[in-house]
Amino acid sequence: MGMIRVRFAPSPTGYLHVGGARTALFNWLFARKEGGKFILRIEDTDLERSSRQMSIQILKALRWLGLDWDEGPFFQSKRLKIYTGIAERLLKEGKAYHCYCTKEEIEERKNKAESEGKAWKYDRRCLNLTKQEKERFEKEGRPKAVRFIVPEGRTEFRDLVLKDIRVKNEEIEDFVLIKSDGYPTYHLSVVVDDHLMKISHVIRGADHIANTPKQIMLYKALGWSPPQFAHLPLILGADRKKLSKRHGETSLLSFKKKGYLSLAMFNFLAQLSWSPGEEKEFYEVKELVEKFSLEKVRHSNPVFDFEKLSWLNSKMISSLPVEKIWDELLPFFEKEGIKDEIGRRGEWSKRMISLVKERARNLEDLASIAKRYVRSDFEYRQDAVKKFWKKDSRERILKLKEAFAKTEPFTADETEKALRDLADKMGVKAGELIHPLRVALIGERVSPGIFEVLEILGKEEVLSRIRRAVKNWGQVLH
RNA sequence: GCCCCUGUAGUCUAGCCAGGUGAGGACACCGCCCUUUCAAGGCGGCAGCACGGGUUCAAGUCCCGUCGGGGGCGCCA
């Protein structure tokens, strides 16, 4: 067997959504596993709907996911001559013909057939044109398309994911190869490019199953041998309909924006319809590559579970070392306006993040939590204030401040000792000090262990934050 | 309507090809423990082979049918 070569071939008519990303991912995984090449091709032959902007977005999204390509991106819009040349050849060989029917004419005949309860298929009107009719159309300057002559018989192929698929050719109409605007259709360009680019395996969404026989006929007509096909189940929304904007944001980059780790996305997508077969939830990219196989791809359509993705994301954020998430975190610091402070405080910032990241659902969360540690001008959360800043707790916090002023070194252990001693002395439970203190330090009712928080903030900052809290006590209380 | 694909808990899945351990794991949900809070973590619970026939000593696993879900039926890709 020759070189393994696969491709991802999006059309730049919209953002790269999670379904497309999953297709790209499986192609990439397969290429890396088999030591083959991953080729990127932009299918922009629909000039109405394609845009350069979208092409750029798609490349950006792929890079974010970590899918690097070995060749391309190739743009089909720059290869038009190749496709029209192949169409000419089919015309010459009597395997295709010009069609002068307009959209309206076809629509009319189709409606008529359907109202008579007949299944519609292009009626080959233009295949049977007389010489005179043809000349008349030419003289009228009617635009013409090129249609492929679907041969008789049946077409079958072995799908690497599914199984043998077989259709009768009579189910298929003479499909268009070249549109009347001179541009090739998908069927032509995909076959020509996959052949010329020596693609060995076509891995794509199951929505292409019905297209495959058409494409195989084309390969045969051209005397080329078709690649292997593998069709991936379609990702569904919670209502079991094909995932779309109706189910919320589904563009890949929107997940980046919302603070998802690319590795979380990678794992989640890789494990939709496929499983490494082990009882663990997340893997290094390398492991996924090693274990990947097309045969193990499931046949049924998976539902995209936002909850599970979110869980995976938070679990990764809390368990990965700071260094591994740092780069992806920077844009979120910037959005919170704390990028400079974070940078200035170097190692301290990393320690602080590793302390607070366990509680973050996503990177956006994490940056906003971090902000309270970096800057002391936060707002006190009202529900926290109401619950914990009682009248007598103000006095206790003042006492605590005095005790902290004398605490040396200002570590988690020492501050804990100081706080518990004081609580004992005052005859109150430690919680009576801890809760108001938490609100004073970060203005929230939740945080990591309070003594860790004290240590990371440092004595000076703690005393200053308590001072500010005490000053505000009366005002925010009622 | 026609054609094609598909069916293990609410969801993602292991097991199916080479029939035979109380159908395993995870998300979500519920309870308990831990605890200064919230998460996390630990322990436990709820819940599944779509249905009906066959083949077989034995069927989630093989065969057929029914039903359910999805996709396609464009001069979109």
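Here is how names work: the chains are called A, B, and so on, in the same order as the sequence lines, proteins then strands, and each is numbered from 1. Model, not experiment: these values are computed from the prediction.
In this structure, A:Glu279 places its CD atom 4 Å from C1' of B:rG25, rounding to the nearest Å. Going from atom CG of A:Asp44 over to atom P of B:rC76 covers 14 Å, rounded to whole Å. Taking atom CD on A:Glu295 and atom C1' on B:rA18, their separation rounds to 16 Å, with Å as the unit. As a whole-Å value, the separation of A:His299 NE2 from B:rU61 C1' is 14 Å. Between the C1' atom of B:rU6 and the NE2 atom of A:His231 lies a distance of 15 Å, rounded to the nearest Å. As rounded to whole Å, 19 Å separates atom P of B:rU13 from atom CZ of A:Phe282. Atom NZ of A:Lys168 is separated from atom P of B:rC73 by 19 Å (rounded to the nearest Å).
Nearest approach of A:Leu252 to A:Ala61, heavy atoms of both residues: CD2-O, 3.5 Å. Nearest approach of A:Lys179 to A:Pro184, heavy atoms of both residues: CE-O, 3.3 Å.
Applying ring-ring contact (aromatic ring centres under 6.0 Å, His included) to A:Trp274 and the options A:Phe268, A:Phe292, A:Phe30, A:Tyr283 leaves one that passes, A:Phe292.
For B:rU6, the OP1/OP2 oxygens have a side-chain nitrogen or oxygen of A:Lys163 closer than 4.0 Å. A close approach under 4.0 Å does occur between a side-chain nitrogen or oxygen of A:Lys179 and OP1 or OP2 of B:rC76. Using a 4.0 Å cut-off, some side-chain N or O of A:Arg298 falls inside it from OP1 or OP2 of B:rU13.
Contact check on A:Lys214 versus A:Glu173 returns no salt bridge, with no Lys/Arg side-chain nitrogen under 4.0 Å from an Asp/Glu carboxylate oxygen.
Only the P atoms considered, B:rG69 is 23 Å distant from B:rA14, to the nearest whole Å.
Ring to ring, A:Phe304 and A:Phe306 are close: their centroids are under 6.0 angstrom apart.
The aromatic rings of A:His98 and A:Tyr100 sit tilted relative to each other, their planes meeting at an angle between 30° and 60°.
Residue A:Lys103 places no side-chain atom within donor-acceptor reach of the base of B:rC75, judged by atom type and a 3.5 Å distance cut-off alone. In the interface, the side chain of A:Asn211 is paired with the base of B:rA77 through a donor and an acceptor atom under 3.5 Å apart.
Residue contacts shown for A:Leu272 are limited to sugar-phosphate atoms, with no base heavy atom under 4.0 Å away.
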Grab the N/O contacts between the protein and nucleotides 35-41 of chain B below 3.5 Å, and write none if there aren't any.
residue, atom, partner, partner atom, Å
B:rU36, OP1, A:Arg420, NH2, 3.3
B:rU36, O2', A:His435, NE2, 3.0
B:rU36, O2, A:Arg438, NH2, 2.4
B:rU36, N3, A:Ile450, N, 3.3
B:rU37, O2', A:Arg445, O, 3.2
B:rU37, O2, A:Ser447, N, 2.9
B:rU37, O2, A:Ser447, O, 3.2
B:rU37, N3, A:Arg438, NH2, 3.4
B:rU37, N3, A:Ser447, O, 2.6
B:rU37, O4, A:Gly449, N, 3.3
B:rC38, O2, A:Arg359, NE, 2.6
B:rC38, N3, A:Arg359, NE, 3.1
B:rC38, N3, A:Arg359, NH2, 2.9
B:rC38, N4, A:Arg359, NH2, 3.4
B:rA39, N1, A:Glu358, OE2, 3.2

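Judged purely by distance below 3.5 Å, without hydrogens or angles, the side chains of A:Arg49 and A:Ser11 never pair a donor atom with an acceptor atom.
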